[in-house]
Trainee: 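Following this message is one structure expressed as C-alpha coordinates.
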Amino acid sequence: MRLAGSAGFGSLMRHSAALFIGAMLGWSFIGATAFGQENRPTEYQIKAAFLFNFAKFVEWPPAALGSDTAPMIIGVLGDNPFHNDLERTIQNKAVGGHPLLVKYLRAPDEAVRCQILFISSSEKARLPQILQAVKGASVLTVSEMDHFTTSGGMINLVLQADKIHFQINNTAATDVRLKISSKLLALAVPSD
(Lines give C-alpha, C1' and ligand atoms only; values in the text may rest on other atoms or scores of the structure.)
Protein backbone atom coordinates (compact mmCIF):
# COMPACT_ATOMS: atom_id res chain seq x y z
CA MET A 1 0.00 0.00 0.00
CA ARG A 2 1.59 3.21 -1.10
CA LEU A 3 -0.05 6.10 0.72
CA ALA A 4 1.89 8.85 -1.00
CA GLY A 5 0.78 10.34 -4.27
CA SER A 6 -1.53 13.28 -3.71
CA ALA A 7 -0.26 16.83 -3.43
CA GLY A 8 -1.69 17.30 0.05
CA PHE A 9 -0.23 14.07 1.41
CA GLY A 10 2.87 15.73 2.88
CA SER A 11 0.73 18.23 4.75
CA LEU A 12 -1.62 15.47 5.90
CA MET A 13 1.31 13.36 7.14
CA ARG A 14 2.81 16.33 9.03
CA HIS A 15 -0.58 17.01 10.62
CA SER A 16 -1.11 13.31 11.40
CA ALA A 17 2.41 13.05 12.79
CA ALA A 18 1.83 16.05 15.02
CA LEU A 19 -1.43 14.55 16.29
CA PHE A 20 0.20 11.16 16.82
CA ILE A 21 3.14 12.65 18.67
CA GLY A 22 0.84 14.87 20.72
CA ALA A 23 -1.45 11.98 21.60
CA MET A 24 1.40 9.69 22.55
CA LEU A 25 3.17 12.32 24.62
CA GLY A 26 -0.12 13.35 26.19
CA TRP A 27 -0.90 9.79 27.18
CA SER A 28 2.59 9.39 28.51
CA PHE A 29 2.14 12.30 30.90
CA ILE A 30 -1.52 11.90 31.87
CA GLY A 31 -1.77 11.84 35.60
CA ALA A 32 -4.56 10.77 37.90
CA THR A 33 -4.77 14.32 39.20
CA ALA A 34 -5.50 15.74 35.75
CA PHE A 35 -8.40 13.49 34.80
CA GLY A 36 -9.21 11.36 37.78
CA GLN A 37 -8.31 7.71 37.93
CA GLU A 38 -11.54 6.57 36.21
CA ASN A 39 -10.85 8.68 33.09
CA ARG A 40 -7.23 7.75 32.67
CA PRO A 41 -6.69 5.49 29.63
CA THR A 42 -5.64 1.97 30.51
CA GLU A 43 -2.34 0.49 29.37
CA TYR A 44 -4.06 -1.53 26.66
CA GLN A 45 -6.20 1.35 25.44
CA ILE A 46 -2.96 3.22 24.87
CA LYS A 47 -1.31 0.20 23.24
CA ALA A 48 -4.36 -0.23 20.97
CA ALA A 49 -3.97 3.42 19.93
CA PHE A 50 -0.31 2.75 19.19
CA LEU A 51 -1.26 -0.16 16.89
CA PHE A 52 -3.78 2.04 15.07
CA ASN A 53 -1.20 4.79 14.62
CA PHE A 54 1.49 2.36 13.47
CA ALA A 55 -0.85 1.52 10.58
CA LYS A 56 -0.79 5.18 9.58
CA PHE A 57 3.00 5.55 9.75
CA VAL A 58 4.11 2.40 7.94
CA GLU A 59 4.04 1.92 4.19
CA TRP A 60 3.36 -1.57 2.78
CA PRO A 61 4.27 -2.68 -0.73
CA PRO A 62 1.24 -2.66 -3.09
CA ALA A 63 0.94 -6.46 -3.22
CA ALA A 64 0.71 -6.74 0.59
CA LEU A 65 -2.95 -5.70 0.68
CA GLY A 66 -4.27 -7.15 -2.55
CA SER A 67 -6.78 -4.53 -3.71
CA ASP A 68 -7.20 -0.82 -3.05
CA THR A 69 -10.14 -1.45 -0.71
CA ALA A 70 -9.11 -4.73 0.94
CA PRO A 71 -9.16 -4.61 4.72
CA MET A 72 -5.97 -3.97 6.65
CA ILE A 73 -5.82 -6.80 9.15
CA ILE A 74 -4.41 -6.47 12.65
CA GLY A 75 -3.86 -9.99 13.91
CA VAL A 76 -3.50 -10.89 17.57
CA LEU A 77 -1.66 -14.14 18.22
CA GLY A 78 -1.90 -15.67 21.69
CA ASP A 79 -3.74 -14.33 24.73
CA ASN A 80 -5.74 -11.16 24.05
CA PRO A 81 -4.59 -8.50 26.54
CA PHE A 82 -6.72 -5.83 24.80
CA HIS A 83 -10.09 -7.42 25.56
CA ASN A 84 -12.36 -5.11 23.47
CA ASP A 85 -10.07 -2.06 23.47
CA LEU A 86 -8.50 -2.81 20.10
CA GLU A 87 -11.86 -3.29 18.37
CA ARG A 88 -13.18 -0.06 19.92
CA THR A 89 -10.06 1.84 18.83
CA ILE A 90 -10.28 0.84 15.16
CA GLN A 91 -14.08 0.70 14.86
CA ASN A 92 -15.23 2.42 11.64
CA LYS A 93 -11.67 3.52 10.86
CA ALA A 94 -9.65 3.09 7.68
CA VAL A 95 -6.08 3.80 6.63
CA GLY A 96 -5.47 4.77 3.02
CA GLY A 97 -8.94 3.54 2.06
CA HIS A 98 -8.42 0.18 3.77
CA PRO A 99 -10.92 -0.55 6.57
CA LEU A 100 -9.23 -1.91 9.69
CA LEU A 101 -10.14 -5.35 10.93
CA VAL A 102 -8.99 -7.33 13.98
CA LYS A 103 -8.52 -11.11 13.72
CA TYR A 104 -7.58 -13.44 16.54
CA LEU A 105 -5.17 -16.11 15.40
CA ARG A 106 -4.43 -19.54 16.78
CA ALA A 107 -1.48 -20.65 14.68
CA PRO A 108 1.62 -18.81 13.44
CA ASP A 109 0.96 -19.73 9.79
CA GLU A 110 -2.26 -17.66 9.89
CA ALA A 111 -0.17 -14.53 10.50
CA VAL A 112 0.96 -14.16 6.88
CA ARG A 113 -2.54 -12.90 6.02
CA CYS A 114 -2.13 -9.89 8.34
CA GLN A 115 -0.54 -6.52 7.77
CA ILE A 116 0.12 -6.00 11.50
CA LEU A 117 0.70 -8.89 13.87
CA PHE A 118 0.57 -8.32 17.62
CA ILE A 119 2.35 -11.23 19.29
CA SER A 120 1.13 -11.62 22.85
CA SER A 121 3.60 -12.21 25.67
CA SER A 122 1.95 -15.61 26.12
CA GLU A 123 3.75 -16.64 22.91
CA LYS A 124 7.30 -16.00 24.15
CA ALA A 125 8.25 -19.68 23.97
CA ARG A 126 7.00 -19.87 20.36
CA LEU A 127 8.55 -16.58 19.22
CA PRO A 128 11.21 -18.13 16.96
CA GLN A 129 8.55 -20.30 15.28
CA ILE A 130 6.23 -17.30 14.82
CA LEU A 131 8.94 -15.07 13.34
CA GLN A 132 9.95 -17.92 11.02
CA ALA A 133 6.31 -18.29 9.87
CA VAL A 134 6.18 -14.62 8.74
CA LYS A 135 9.76 -14.49 7.41
CA GLY A 136 9.74 -12.74 4.05
CA ALA A 137 6.11 -11.59 4.37
CA SER A 138 5.31 -7.87 4.62
CA VAL A 139 3.88 -8.22 8.11
CA LEU A 140 4.66 -5.60 10.76
CA THR A 141 5.41 -7.59 13.92
CA VAL A 142 4.62 -5.88 17.23
CA SER A 143 4.89 -7.19 20.77
CA GLU A 144 5.61 -6.26 24.37
CA MET A 145 8.22 -8.92 25.19
CA ASP A 146 11.70 -8.39 26.57
CA HIS A 147 14.29 -8.43 23.77
CA PHE A 148 11.62 -8.61 21.03
CA THR A 149 13.39 -6.30 18.59
CA THR A 150 16.79 -7.87 19.21
CA SER A 151 15.17 -11.27 18.51
CA GLY A 152 14.01 -10.16 15.06
CA GLY A 153 10.66 -8.49 15.84
CA MET A 154 9.97 -5.02 14.42
CA ILE A 155 8.26 -2.91 17.10
CA ASN A 156 8.28 -3.56 20.82
CA LEU A 157 6.00 -1.67 23.22
CA VAL A 158 7.84 -1.03 26.48
CA LEU A 159 6.89 0.52 29.80
CA GLN A 160 9.57 2.88 31.13
CA ALA A 161 9.00 5.15 34.12
CA ASP A 162 5.22 4.61 33.90
CA LYS A 163 5.17 5.69 30.24
CA ILE A 164 4.63 3.53 27.18
CA HIS A 165 7.36 3.85 24.58
CA PHE A 166 8.36 1.74 21.62
CA GLN A 167 11.54 0.26 20.21
CA ILE A 168 11.98 -0.29 16.47
CA ASN A 169 14.08 -2.80 14.54
CA ASN A 170 14.01 -0.94 11.22
CA THR A 171 16.30 -3.49 9.55
CA ALA A 172 13.73 -6.24 10.13
CA ALA A 173 11.03 -4.00 8.62
CA THR A 174 13.00 -2.96 5.54
CA ASP A 175 14.00 -6.58 4.93
CA VAL A 176 10.31 -7.33 4.17
CA ARG A 177 9.71 -4.12 2.17
CA LEU A 178 8.02 -2.13 4.95
CA LYS A 179 8.87 1.55 5.17
CA ILE A 180 8.52 3.06 8.64
CA SER A 181 8.05 6.84 8.69
CA SER A 182 11.08 8.82 9.80
CA LYS A 183 8.78 10.61 12.28
CA LEU A 184 7.96 7.28 13.92
CA LEU A 185 11.62 6.23 13.89
CA ALA A 186 12.54 9.49 15.63
CA LEU A 187 10.18 8.69 18.51
CA ALA A 188 11.59 5.21 19.17
CA VAL A 189 13.69 4.48 22.23
CA PRO A 190 16.82 2.29 22.03
CA SER A 191 16.33 -1.49 22.07
CA ASP A 192 17.49 -3.48 25.05
Side-chain angles (χ1 to χ4, degrees), residues 1-6 8-30 35 40-61 64-65 70-77 80-103 111 114-120 138-145 148-149 153-160 162-170 172-174 176-191:
M1 168 178 83
R2 180 118 179 120
L3 295 176
S6 66
F9 181 74
S11 174
L12 176 64
M13 279 301 291
R14 282 189 297 280
H15 178 70
S16 294
L19 288 174
F20 174 67
I21 292 166
M24 294 305 108
L25 290 176
W27 280 333
S28 295
F29 295 109
I30 288 175
F35 290 96
R40 185 177 184 184
T42 67
E43 176 182 352
Y44 286 96
Q45 286 172 330
I46 295 169
K47 288 180 178 181
F50 269 100
L51 287 176
F52 170 61
N53 282 293
F54 293 155
K56 294 194 255 180
F57 288 91
V58 174
E59 188 178 302
W60 280 262
L65 282 165
M72 178 178 283
I73 299 170
I74 301 173
V76 177
L77 185 59
N80 176 16
F82 298 100
H83 302 287
N84 293 321
D85 292 331
L86 186 53
E87 285 90 346
R88 280 194 292 266
T89 299
I90 67 158
Q91 185 175 14
N92 301 319
K93 292 190 174 89
V95 173
H98 298 276
L100 296 171
L101 178 66
V102 176
K103 288 199 174 182
C114 300
Q115 283 67 50
I116 299 174
L117 174 64
F118 180 83
I119 305 168
S120 176
S138 297
V139 176
L140 182 71
T141 55
V142 182
S143 191
E144 56 184 357
M145 295 180 205
F148 181 69
T149 54
M154 296 174 198
I155 299 180
N156 194 32
L157 299 169
V158 293
L159 192 60
Q160 297 175 348
D162 293 328
K163 297 175 185 125
I164 298 171
H165 299 278
F166 54 90
Q167 302 164 328
I168 296 178
N169 178 343
N170 195 38
T174 57
V176 294
R177 300 165 312 283
L178 297 178
K179 184 177 179 188
I180 299 175
S181 163
S182 59
K183 291 172 176 40
L184 197 58
L185 291 169
L187 292 172
V189 297
S191 294

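Remember, predicted model here, so these are calculated numbers, not experimental data.
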Trainee: State which residues pass side-chain contact (heavy atoms from CB on, under 4.5 Å) with Val176; sequence neighbours excluded, sorted by chain then number.
Mentor: Met154, Leu178
Trainee: My understanding is that only residues two or more places apart in sequence, or in another chain, count here; which of them pass side chain to side chain donor-acceptor pair (under 3.5 Å) with Asn170?
Mentor: none
Trainee: Holding to side chain to side chain donor-acceptor pair (under 3.5 Å), I want the full list of residues that pass it with Ser120, two or more places apart in sequence or in another chain.
Mentor: Ser122
Trainee: Minimum heavy-atom separation for Val95 to Lys56, with atom names?
Mentor: CG2-CG, 3.9 Å
Trainee: Suppose we screen for salt bridge (Lys or Arg N to Asp or Glu O under 4.0 Å). Which residues come up paired with Arg88, at least two apart in sequence or across chains?
Mentor: Asp85
Trainee: Could you tell me which non-hydrogen atom of Gln167 sits nearest to which non-hydrogen atom of Pro190, and how far apart they are?
Mentor: NE2-O, 3.1 Å
Trainee: Under a 4.5 Å cut-off applied to non-hydrogen side-chain atoms, are Val142 and Phe166 in contact?
Mentor: no
Trainee: Are any side-chain N or O atoms of Gln115 and backbone N or O atoms of Leu65, one a donor and one an acceptor, separated by less than 3.5 Å?
Mentor: no
Trainee: side-chain contact (heavy atoms from CB on, under 4.5 Å) with Gln160: which residues, sequence neighbours excluded?
Mentor: Val158, His165, Val189
Trainee: For the residue pair Glu144 and Phe118, establish whether any side-chain heavy-atom pair is separated by less than 4.5 Å.
Mentor: yes
Trainee: Partners of Thr174 by side chain to side chain donor-acceptor pair (under 3.5 Å), sequence neighbours excluded?
Mentor: none
Trainee: Only counting residues at least two apart or in another chain, list the ones meeting ring-ring contact (aromatic ring centres under 6.0 Å, His included) with Phe52.
Mentor: none
Trainee: Please name the pair of heavy atoms, one in Thr141 and one in Phe148, separated by the smallest distance, quoted to 0.1 Å.
Mentor: O-CE2, 3.7 Å
Trainee: Going by side-chain contact (heavy atoms from CB on, under 4.5 Å), name the residues that satisfy it together with Ser182, two or more places apart in sequence or in a different chain.
Mentor: none
Trainee: Mind checking side-chain contact (heavy atoms from CB on, under 4.5 Å) for Pro71 and listing every partner two or more places apart, or none if nothing turns up?
Mentor: Pro99, Leu101
Trainee: Under the salt bridge (Lys or Arg N to Asp or Glu O under 4.0 Å) rule, collect the residues that match up with Glu43, sequence neighbours excluded.
Mentor: Lys47
Trainee: Mind listing the closest non-hydrogen atom pair of Phe82 and Tyr44 along with its distance?
Mentor: CD2-O, 3.6 Å
Trainee: Contact between Thr89 and Leu51 at the side-chain level, heavy atoms closer than 4.5 Å - yes or no?
Mentor: no
Trainee: How far apart are the closest heavy atoms of Asn169 and Ala172, and which atoms are they?
Mentor: OD1-N, 2.9 Å
Trainee: If every non-hydrogen atom of Leu117 is compared with every non-hydrogen atom of Ala111, which pair is closest and at what distance?
Mentor: CD2-CB, 3.5 Å
Trainee: Once side chain to side chain donor-acceptor pair (under 3.5 Å) is applied, do any residues pair with Thr149, and if so which ones, sequence neighbours excluded?
Mentor: Ser191
